[in-house]
There are 2 protein chains.
Amino acid sequence: MEDDEWEPPKILLAVDLVILTLRETRLQVLLVKRGIEPYLGAYALPGGFLFDEHEDIEAAARRELSEEAGLADVHLEELGVYGEPGRDPRGRVVSVAYLAIAPSLPEPIAGTDAADACWMSVEDLLSGRVGLAFDHHRIIGDGIERARVKLEHTALATAFCGETFTISDLQQVYEAVWGVRLDPRNFYRKVKGARGFIIPVGSLQRPENGRPARLFKAGPVRVLHPPMARSTSVPPEAQVTREGGVRS
Amino acid sequence: MEDDEWEPPKILLAVDLVILTLRETRLQVLLVKRGIEPYLGAYALPGGFLFDEHEDIEAAARRELSEEAGLADVHLEELGVYGEPGRDPRGRVVSVAYLAIAPSLPEPIAGTDAADACWMSVEDLLSGRVGLAFDHHRIIGDGIERARVKLEHTALATAFCGETFTISDLQQVYEAVWGVRLDPRNFYRKVKGARGFIIPVGSLQRPENGRPARLFKAGPVRVLHPPMARSTSVPPEAQVTREGGVRS
DNA sequence: CGAATAGTGTCTTTAAGACATTATTTC
DNA sequence: GAAATAATGTCTTAAAGACACTATTCG
């Protein structure tokens, strides 16, 4: 413990961002094509090193969020640390991963530096066919799992929506993130039963056809009571691949 | 992004351990008295810097667990990153905090280096009177909150128990970590209803007085179905100080 | 026997899941 | 009117909370 000669090692600290959004009813994650070695040309998560010794880590994450995705004021939370020796050929690089949730944006990216960035469907990514730089595949998997779990117990789903949204919008978030189909009627009842989850604003949204839907905004509550149970009394394994009843 | 002159900064990486255990029906955390500056003489979490450039971060946590607490084979999970600039006067130090859960040990510590270590009651710590080094007070708070949440949905509670335990033992874990009193009969039913949580071993434990209790060991399941709900349909604020019905 | 702890059962309320029905829009 | 989507209601089952009761040990 006490030591005279020994010096602790210094390492490089990076941030990586798992930015999730909903586009055309599918859960998508933002990837950028790397312009430098290592993994030049491969797709990777947006991110980078701390700018200097004094930059706060979350501040660095927000800086990258702005620089690489043109995003501000989105939900951002720490996901974990990825620091396995050898994960980066340049040396010992420890990366702090963040999970960001953004409302659906019209165009692929607004305000990106230049290098091509794209949204990629989570289904395609998790199927294993797409190769990513570093350990980013695992980081994305952890990010999605985090989002899935937090959707159950917190109001995170509203972070996928704009300022106001309909209950159908909210249902699409749950269906896309969980990868299941939900009964609209039971969903409706549950969402409205979770106190403080959503609060109605006066206005309506007129769809192309069908009855106009009431608009809501996010409520003040972070923890849901009762929770939006993904499945009670059924083991989670049976839930993931439960796509039997999906038509169309 | 692309850059020729700029060099990313190098920082010091540390690990800190929130080691929780149950001692005499109270939740306690391990603290060590610092033998070096800064905060010389103050209590702090066990931990330290990475040994060298090639040490894995979780391996460093396990090394400190062994060196400073004499513990091995305990539950260990990443808690988060604490890297605010200025948290350590020696320079930019980023600490990866880990949460460890240990079964109750007979003596304060077995196999500690030398510096005085002690178990401190979480109640005393959270009441705010005890000052700790660095931002360790916040780290402990986050660790306890993590344990509270995970007790609901996972089999983490068994990590507080030895190889075998009675249902009363398990109940004491929940009561200590959550800071509430539970009805033994409902607890019994819920624990046994959570499939794969605990499995009976043949034998009994004879207490000083009263009927002998069946012994169980931890089951294979990590996620509980149904969960051990801390409170359904009641906001969590109202739950913390709900000690009205407690008689001796 | 009484004291103490272990274990089971029962009743009420809440919430989940399945599914029928009504309401309001466009064409 | 039909088609489409929004919103509400009803029934059954599972699980939570409160609490009475039985079981097995010690002295």
Quiz prompt | Nearest to side-chain heavy atoms of A:Arg214, which nucleotide of C:dA15, D:dT8, C:dT8 | solution = D:dT8
Quiz item: Does the side chain of B:Ser127 come under 3.5 Å of the side chain of B:Asp124 through a donor N or O and an acceptor N or O?
Solution: no
Quiz item: Taking CD from A:Gln171 and P from C:dG17, how many angstroms apart are they, rounded to a whole number?
Solution: 13 Å
Quiz item: Rounded to the nearest Å, what distance is computed from the CG atom of residue A:Leu215 to the P atom of nucleotide C:dT25?
Solution: 14 Å
Practice problem: Report yes or no: do B:Asp183 and B:Tyr188 form a side-chain donor-acceptor pair below 3.5 Å? | Solution: no
Quiz item: Is there a side-chain contact between B:Asn186 and B:Arg189 (heavy atoms, below 4.5 Å)?
Solution: yes
Quiz item: Starting at NE2 of A:His225 and ending at P of D:dA16, how long is that distance when rounded to a whole Å?
Solution: 15 Å
Quiz prompt | Pairwise side-chain contact, B:Thr164 with B:Phe216, heavy-atom cut-off 4.5 Å (strictly under) | solution = no
Quiz item: Rounded to whole angstroms, how far apart are OH on A:Tyr188 and P on C:dT22?
Solution: 18 Å
Exercise. Using a 4.0 Å heavy-atom cut-off across all strands, classify B:Ser168 as base, sugar-phosphate, or nothing.
Key: sugar-phosphate
Quiz item: Whole Å only: how far is the CZ atom of B:Phe187 from the P atom of C:dT8?
Solution: 14 Å
Exercise. For A:Gln205 and D:dA7, give me the distance from atom CD to atom P, rounded to whole Å.
Key: 10 Å
Practice problem: From the options A:Leu30, A:Ile144, A:Leu45, select the one residue that forms a side chain to side chain contact (heavy atoms under 4.5 Å, CB included) with A:Val18. | Solution: A:Leu45
Exercise. Take the protein atom NZ of B:Lys192 and the nucleotide atom C1' of D:dA16, then report the distance between them rounded to whole Å.
Key: 18 Å
Practice problem: Do nucleotides 19-27 of chain D as a string where each nucleotide becomes B, S or -: B if the base has a protein heavy atom under 4.0 Å, S if just the sugar-phosphate does, - if no protein is that close. | Solution: BB--BBBS-
Exercise. Considering just the side-chain nitrogens and oxygens of A:Arg195, establish if one lies under 4.0 Å of OP1 or OP2 belonging to C:dA15.
Key: yes
Self-check item: Whole-Å distance separating the OH atom of B:Tyr174 from the P atom of D:dA16
Solution: 12 Å
Practice problem: Indicate, with yes or no, if the rings of A:Tyr174 and A:Phe187 have centres closer together than 6.0 Å. | Solution: yes
Quiz prompt | Side-chain donor/acceptor of A:Ser121 to backbone N/O of A:Gln28, under 3.5 Å | solution = no
